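Counting starts at 1 for both ligands and their atoms, in listed order. Each residue takes its place number in the sequence, starting with 1. Quantities reported herein were computed from a predicted structural model and do not represent experimental measurements.
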Amino acid sequence: MPDKKLSGEVFYPPENVLRHAHVKNWEELSASAEQDLEGFWAKEAHELHWFEHWDKVLDDSKKPFFQWFVGGKTNIVYNCLDRHITTARRNKLALLWEGENGDFRSFSYFALGRETCKFANVLRALGVQKGDRVTIYMGRVPELVIAMLACARIGAMHSVVYGGFTVEALAERIEDSQSKVLIVSDGSYQRGKVVHLKAIADEALQRAATVKSVLVVKRTGEDVYMESGRDMWYHELMALPIAGNNCQIEIVDAEHPLFLLYTSGTTGKPKAIVHTHGGYMVGTYTTLKYVFDIHEEDRYWCAADPGWITGHSYIVYGPLLNGTTSFMYEGAPTYPYPNRWWQMIEKYGLNILYTAPTAIRGLMRFGEAWPNRHDLSSLRLLGTVGEPINPEAWKWYHRVIGKEKCPIMDTWWQTETGMFMITPTPAVPLKPGSGTKPFPGVKMDIYNEEGKSARPNEEGFLVINTPWPAMLRTLYNDADRYVEQYWSKYPGAYLTGDSARRDEDGYFWVIGRVDDVIKVSGYRLGSAEIESALVSHDAIAEAAAIGLPHEVKGNAIHAYVILRAGIQKQDGLIDQLRSHVAHELGPIAKPEHIEVVDSLPKTRSGKIMRRVLKARALGQNPKDLTTLEE
Ligand code: WT7
């Protein structure tokens, strides 16, 4: 361990964890990666299968359009499945799944490979080709994973839309990606109720005309509308001869796009982040291996939803690349009782739990008695992601769940980064609330307005100074916006959109977003999207949405609306507006509070000054707000 005494409250790695850790000497690994960036990533890439070796690890000749493993040929699915199926891992559990209603299913690597091949053949038979986009809209069920892998296997791009989104959000994403195929489930279970996903999809399809085929997975068995000539049951297709057991894998260039994932930005239109087979594969494989210290016998649980990047990288691809056993749970953490998670950890003997601060805070409220009823001694490592974790929640997680013997990996990253960027490994001393330092091979900094490194503890813009393999390659169909959004403020540096500070030990402390992105329960939403959902209601002329601190959710949405001329504020209008947003965008976007106002603060050019609204709501003087906001 470093001799230097660290400031503040520090938690050193427990001996038993350190003894097993892949990375025992973090400083050494980090120094070697800094010395030879390409060599570091090439060594990791060599642990995976390539049909053809790359010519160049990193090509920065067209920056900021960086390319990785140029000339290499691979397919991420080969490394997730086929590579294991020829070894003893063939019979190892790849996926354990529990439904909210208690259903249980499991898949060995062989079985997951088989299902993936069959479904890939179905997609091919329906005319899906290399480069095509396929939208996936489901609850947390194994078929979601199979659908993603099947697309990737044939070189098509999946675009997963989170099952908590609704009509307009789905329609927009289908239309923008020009998907011809939609894979959906009839419904999903959440808090003991059924969410009617197929019905939401039917409504979305009236607004998005590109889809020719809809494949419906039966989960709840409820009655759903099936449009003849368009809608087909997944299980019926999988029983046809077209669903053959063997499916020739599409060998693709390292830079071939793997998926699109929409995320909120500063405008009303979500951005489609593009990730690729080669670099994303190497990035997720390496980071998961070192950070969650994956060992052959582990049972790993990332409690996120596959519909977000956390699920893509660390439920689906990272774990399968590492040949580990991943656990997935369909429903709500508190259903039927607040011990559901702890019960499953005990039942399945899970070793690693990776979740979000909001979930921890939510479960904390129910008290220690619930986790204390269960044997959680299988846990070795804990993780958190999505927003800054408050030290109180960190300590509860550490003491009550981890029994003071499980280090907490606080991983900072983004949809855009594809992989962990600021994160400890189990060998790194922890400070509650800090993600510690950038991962080996990643260089990050904090800039002041002039683009100079901020002094210790000075707040500034968080930037990334080195390219990394899992970086987004562009925004789908919008390369200009890619350059503008991420690479134009400071030449040569990637702008994260977060503010942060670095302490005297070089530890990073992320503060939060500095743009108009709101993090609600760790979910990323754009002010502009919520505003356009509000304005799409007949009664509303103008709207502004901001995030204000919330004890469990981190932030909650507060909206201000101006009514259309001639419209009077009536009883029930606010509730109607809240439901309207939930119907258009999703329950997660439902404003906590809506206020009818006569005017909104604006700049001379007519842009709504959300920071003024925020300052007013917080009882601050807008001038006292951080200078980071423009
Ligand atoms: C934003 C990215 C990447 C997985 C989930 C979120 C915030 C993420 C942390 C963390 C503090 C965090 C940042 C970032 N964030 N992880 N450990 N500590 N803040 O992905 O939806 O693209 O959101 O989430 O603000 O920019 P995302």
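A ring-ring contact (aromatic ring centres under 6.0 Å, His included) with Phe420 is found for one member of Tyr314, Trp468, Phe439 and no other, namely Tyr314.
Residue Ile309 touches ligand 1 through its side chain alone, judged by heavy-atom distances below 4.0 Å. Contact annotation: for Glu387 versus ligand 1, heavy atoms closer than 4.0 Å belong to the backbone alone. With a 4.0 Å heavy-atom cut-off, ligand 1 is reached by the backbone of Thr415 and by its side chain too.
The nearest heavy-atom contact from the protein to atom 6 (C) of ligand 1 is Lys519 NZ, 3.3 Å. Protein heavy atom at the shortest distance from atom 7 (C) of ligand 1 is Gly386 O, 3.2 Å. When hydrogens are left out, the protein atom nearest atom 2 (C) of ligand 1 is Trp413 O, 3.6 Å; that is the closest non-hydrogen contact. What sits closest to atom 13 (C) of ligand 1 on the protein, heavy atoms only, is Asp498 OD2, 2.9 Å. Looking at atom 5 (C) of ligand 1, its nearest protein heavy atom turns out to be Thr310 OG1, 3.4 Å.
For ligand 1, the atoms lying closer than 4.0 Å to a non-hydrogen atom of Val385 are 4 (C), 5 (C), 16 (N). Close approach to Pro388 involves these atoms of ligand 1, each under 4.0 Å from a residue heavy atom: 11 (C), 18 (N), 19 (N). Close approach of ligand 1 to Val510 (heavy-atom distance below 4.0 Å) involves ligand atoms 11 (C), 19 (N).
Side-chain contact, Asp498 with Trp412: a donor N or O sits under 3.5 Å from an acceptor N or O. When only modelled atom types and interatomic distance are considered, Thr411 and Tyr354 share a side-chain donor-acceptor pair under 3.5 Å. No side-chain N or O of Thr324 forms a donor-acceptor pair with one of Asp298 less than 3.5 Å apart. Arg501 and Asn457 share a donor-acceptor pair across their side chains, judged by distance under 3.5 Å alone. For Asn465 and Tyr447, the side-chain atoms include at least one donor-acceptor pair closer than 3.5 Å.
For Arg524, a nitrogen or oxygen atom sits less than 3.5 Å from a nitrogen or oxygen atom of ligand 1, counting backbone and side chain alike. Where the criterion is an N or O separation shorter than 3.5 Å, residue side chain and backbone included, Thr411 meets it with respect to ligand 1. Close N/O approach between Asp410 and ligand 1 is found [any backbone or side-chain N/O within under 3.5 Å].
Salt-bridge annotation for Glu551 and Arg365: absent, with no side-chain N of the basic residue lying under 4.0 Å from a carboxylate O of the acidic one.
The backbone N or O of Trp509 sits nowhere less than 3.5 Å from a side-chain atom of Ser434 that would complete a donor-acceptor pair.
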Under the side chain to side chain donor-acceptor pair (under 3.5 Å) criterion, do Ser7 and Asp505 qualify, and how do the steps go?
-> CA-CA 7 Å; Ser7 68; Asp505 299 317; 3.0 Å; yes
